[in-house]
Amino acid sequence: MRAAIEVAEMEGLPSAAHAHGASSIAAAVRAGITSIEHGTMADDESIRLMAQKGTFLVPTIIVSRSVLDNPHLPFPEYVLRKSRIAAARHKEVVAAALHEGVKFAFGTDAGSTGNEHGEQAREFGYLVEYGLTPMQALCSATINAAELLRMKEDIGSLEAGKFADLVAFDGDPLEDITVMTRPDLVMKGGVIYKREGQPVHFPLL
């Protein structure tokens with residue numbers, strides 16, 4: 001792992017470890033990984049290591065919750081059992097990581113069953129349910145994610161000179177985080193792709 005991470009560091013790139021178990025999380029953090037994706041079964045030691053090293057946690061709560069919150073989907077019983085265990089432990093991990101001051105970034109693993117592309121914003125609600133404040137959840141997807149990707153000079157906040165990437169909502173996500181699932185306007189690079197909640201269609205060249 002250290003050899004792979006060194007290659008990323010030489011190129012100025014972040015590194016990520018898909019890790020659920022405590023020992024694998026700790027090993028990746030000690031090797032210098034930038035972020036842990038999932039971190040479902042982290043223990044106190046691995047969480048403290050993440051806080052000490054400045055390692056980001058990308059919890060992707062939506063993965064297990066998409067299984068549990070969609071009873072109409074034909075998941076086998078062993079998947080449901082595993083998801084129940086994972087979701088219960090994950091809530092404890094998120095709380096402990098918050099307490100230790102671990103940095104959070106937003107991620108979803110979108111594309112799996114019950115966790116389709118276009119529905120990723122449900123993760124905001126899960127983050128708040130698991131203990132983050134609405135502002136912490138929003139920062140995980142903006143300025144924190146930009147820091148993780150080493151792109152803070154270009155994205156992550158509304159400032160002169162940065163990319164004109166923004167979303168707007170008819171509501172206050174600090175009062176109701178589910179507003180994030182209903183974007184009213186989407187702009188990327190100064191180009192509007194959604195207005196009044198509807199996609200903007202461009203003429204074919």
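What you are looking at is a predicted structure, and each value in this text was computed from that prediction instead of being measured.
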As an exercise, state the distance from [atom1] of [X] to [atom2] of [Y], rounded to the nearest 0.5 Å.
X      : Y      : atom1 : atom2 : answer
Ile143 : Leu158 : CD1   : CG    : 10.0 Å
Glu147 : Met151 : CD    : CE    : 13.5 Å
Phe106 : Ser140 : CZ    : OG    : 6.0 Å
Phe124 : Thr108 : CZ    : OG1   : 10.0 Å
Ile5   : Leu13  : CD1   : CG    : 12.5 Å
Leu49  : Arg30  : CG    : CZ    : 5.0 Å

(message) If you count heavy atoms of other groups shown closer than 6.0 angstrom to CZ of Phe202, is the number above 12?
(response)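 Yes, CZ of Phe202 has more than 12 neighbouring heavy atoms, counting only those of other groups under 6.0 Å.
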Looking at every non-hydrogen atom in both residues, tell me the closest pair between [X] and [Y] and how far apart they are.
X      : Y      : answer
Pro173 : Met180 : CB-SD, 3.8 Å
Ala8   : Pro14  : CB-O, 4.1 Å
Ala137 : Val128 : CB-CG2, 4.1 Å
Ile25  : Ala19  : CG1-CB, 3.7 Å
Val186 : Val167 : CG2-CG1, 4.0 Å
Gly32  : Glu9   : O-OE2, 4.2 Å

Can any side-chain N or O of [X] pair as donor or acceptor with the backbone N or O of [Y] at less than 3.5 Å?
X      : Y      : value
His90  : Ile61  : no
Gln136 : Thr133 : yes
Arg150 : Ala146 : no
Asn144 : Phe104 : yes

(message) Test of understanding: with salt bridge (Lys or Arg N to Asp or Glu O under 4.0 Å), list the residues that count as partners of Asp170, not counting sequence neighbours.
(response) none
(request) Using the test salt bridge (Lys or Arg N to Asp or Glu O under 4.0 Å), find all partners of Glu159 that sit at least two apart in sequence or belong to another chain. (result) Lys162
Side-chain heavy atoms nearer than 4.5 Å, only ILVMFWY residues, links allowed to pass through others: does that put [X] and [Y] together?
X      : Y      : answer
Met135 : Val179 : yes
Leu149 : Met50  : no
Ile155 : Leu166 : no
Leu185 : Phe169 : no
Val191 : Phe163 : no

Do the side chains of [Y] and [X] get nearer than 4.5 Å, heavy atoms only?
X      : Y      : answer
Thr55  : Thr34  : no
Thr113 : Phe75  : yes
Pro59  : Val93  : no
Met187 : Asp165 : no

Atom pairs and distances, donor-acceptor, side-chain atoms in residues 194-201, under 3.5 Å, two or more places apart:
none

Could you go through residues 64-71 and list every donor-acceptor pair under 3.5 Å that involves a side-chain atom there, pairing it with any protein atom two or more places apart or in another chain?
unit_1 : atom_1 : unit_2 : atom_2 : d
Arg65  : NE     : Asp69  : OD2    : 3.3
Arg65  : NH1    : Glu129 : OE1    : 3.3
Arg65  : NH1    : Glu129 : OE2    : 2.9
Arg65  : NH2    : Asp69  : OD2    : 3.3
Arg65  : NH2    : Glu129 : OE1    : 3.4
Ser66  : OG     : Ile62  : O      : 2.7
Ser66  : OG     : Gly114 : O      : 3.2
Ser66  : OG     : Arg122 : NH2    : 3.2
Asp69  : OD2    : Tyr126 : OH     : 2.7
Asn70  : ND2    : Ser66  : O      : 2.6

(request) Inspect the contact between Arg84 and Glu77 and indicate whether a charged nitrogen and a carboxylate oxygen are less than 4.0 angstrom apart. (result)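 Looking at Glu77 and Arg84, the cut-off is met.
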(message) Please give the remaining members of the hydrophobic cluster of Phe56, linking ILVMFWY side chains under 4.5 Å, ordered by chain and number.
(response)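 Via sub-4.5 Å side-chain contacts, Phe56 links to Val58, Leu148.
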Can you list, pair by pair, the side-chain donor-acceptor contacts under 3.5 Å of residues 35-43, counting residues two or more places apart and other chains?
unit_1 : atom_1 : unit_2 : atom_2 : d
Ser35  : OG     : Glu37  : OE2    : 2.5
His38  : ND1    : Thr60  : OG1    : 2.5
His38  : NE2    : His18  : NE2    : 3.2
His38  : NE2    : Asp109 : OD2    : 3.3
Thr40  : OG1    : His20  : ND1    : 2.7
Asp43  : OD1    : Glu45  : N      : 3.4
Asp43  : OD1    : Ser46  : N      : 2.9
Asp43  : OD1    : Ser46  : OG     : 2.8

(message) For the residue pair Lys188 and Tyr193, would you count it as a cation-pi contact if the rule is NZ or CZ under 6.0 angstrom from the ring centre and within 45 degrees of the ring axis?
(response) no
